[in-house]
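None of these values were measured; they are calculated from a predicted model.
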Amino acid sequence: MIIYLEGPDGSGKSTLSDALTDELITRDMPVIQTKDGKCDIDTHPRSEYRNDAQTLIETFVNYAYMDTIFVLDRGPISDVIYRHFDDYKPVLNEGQVVDLLSLLKDKVKVIFCDNDIAEQKMLERGDDNPIAIEKHKEITNCYRNYMKFIKHEVFDYTRTTAPNFADMIIDSLKEE
């Protein structure tokens, strides 16, 4: 099972990832937390471990069918979005990502972290990604448009706390 977090810089992915992981541990559920793609699902264009398309799909499918819950902070959606703003090509194209997530719909819970103060939070914490800083509004709009094609939940930390949202998400896993 994968709980897959996406959204622009400053949107609450790391905060929610920590809350989800803490709650899964509290409930004695097997969990592996990954941050910023630092795992076998690596789409960062400058990483020496960046997956090719076949490896990315195989690894994503393998994670989805494991008994362990992977809390994945970023992946192929961010790769598609951010590649619109730099000179790199995404590992998977937009349609392939939608198809992969549709295929795994019962094994992947996509959470879109979205709020109207993400840019402010990103700047307050001193992010240094020039594209994220210069193009934050455009990146956020790309996410919002793209997420219309993917079944997802929305986490907005201006409306609820990360622990409360994590509790709700984990409860929903039991119902599925």
Side-chain angles (χ1 to χ4, degrees), residues 2-25 31-47 49-51 56 60 63 69-92 94 97-98 100-101 108-170 172:
I2 298 173
I3 301 175
Y4 175 30
L5 311 178
E6 278 290 7
D9 291 24
S11 62
K13 293 178 306 300
S14 294
T15 300
L16 182 57
S17 177
D18 291 343
L20 283 162
T21 302
D22 290 347
E23 185 60 27
L24 288 163
I25 290 168
V31 60
I32 294 176
Q33 180 184 31
T34 67
K35 289 197 176 194
D36 299 324
K38 294 181 178 107
C39 66
D40 294 332
I41 297 174
D42 190 346
T43 59
H44 195 284
R46 292 187 305 264
S47 170
Y49 304 107
R50 188 175 200 219
N51 296 131
L56 178 64
F60 212 90
Y63 276 18
I69 298 172
F70 288 85
V71 179
L72 180 63
D73 183 340
R74 292 228 169 137
I77 295 173
S78 280
D79 187 44
V80 165
I81 300 297
Y82 279 84
R83 300 304 69 87
H84 287 287
F85 299 94
D86 60 27
D87 295 328
Y88 299 97
K89 295 206 181 324
V91 175
L92 302 176
E94 293 170 349
V97 174
V98 170
L100 176 63
L101 294 174
V108 177
K109 181 163 284 289
V110 178
I111 301 171
F112 175 38
C113 298
D114 184 30
N115 58 70
D116 291 329
I117 63 169
E119 183 175 20
Q120 172 190 333
K121 290 292 185 183
M122 175 192 64
L123 295 173
E124 284 174 3
R125 70 178 188 208
D127 281 18
D128 60 358
N129 178 344
I131 291 173
I133 294 168
E134 294 169 23
K135 302 288 186 178
H136 199 278
K137 285 178 180 47
E138 294 94 333
I139 290 168
T140 299
N141 286 333
C142 280
Y143 272 109
R144 288 174 178 166
N145 288 328
Y146 190 71
M147 295 305 286
K148 293 174 184 175
F149 301 100
I150 296 171
K151 182 181 176 207
H152 65 280
E153 305 285 335
V154 176
F155 170 61
D156 178 346
Y157 58 67
T158 66
R159 298 186 186 277
T160 188
T161 66
N164 286 346
F165 190 84
D167 193 48
M168 180 193 77
I169 291 298
I170 295 167
S172 77

task = For D156 and N115, indicate whether the former's side chain and the latter's backbone hold a donor-acceptor pair under 3.5 Å.
result = no
key: Check: R50 main-chain N/O paired with H44 side-chain donor or acceptor under 3.5 Å   = no
Whether over 12 other heavy atoms sit under 6.0 Å from R159 CZ = no
message = Can a donor-acceptor pair be found, under 3.5 Å and without considering hydrogens, that links the side chain of T34 to the backbone of V71?
response = yes
remark   = Contacts of D18 meeting side chain to side chain contact (heavy atoms under 4.5 Å, CB included) (sequence neighbours excluded), chain-then-number -> Q33, K35
ask   = Does the D127 side chain pair with the main chain of L123, one donor and one acceptor, at a distance under 3.5 Å?
value = no
query = If we ignore angles and hydrogens, is there a donor and acceptor under 3.5 Å between the side chains of E94 and H84?
reply = yes
key: Sidechain-backbone polar pair: D79 side chain, V91 backbone, donor-acceptor under 3.5 Å   = yes
note = Sorted by chain and residue number, the side chain to side chain donor-acceptor pair (under 3.5 Å) partners of S47 (sequence neighbours excluded) come out as D42
Cationic N near anionic O, under 4.0 Å, D9 to R74 = yes
request  = Please state whether the rings of Y82 and Y143 are parallel, tilted or perpendicular, taking 30° and 60° as the class boundaries.
outcome  = perpendicular
ask   = Is a donor on one side and an acceptor on the other found under 3.5 Å between the side chain of K89 and the backbone of P45?
value = no
message = Test your reading of the model: is there a side-chain donor-acceptor pair from T21 to the backbone of S17, 3.5 Å cut-off?
response = yes
task = May I ask you to check whether F165 and Y157 place their ring centres under 6.0 Å from each other?
result = no
message = Please check this pair: side chain of E6 against backbone of G75, looking for a donor-acceptor N/O pair closer than 3.5 Å.
response = yes
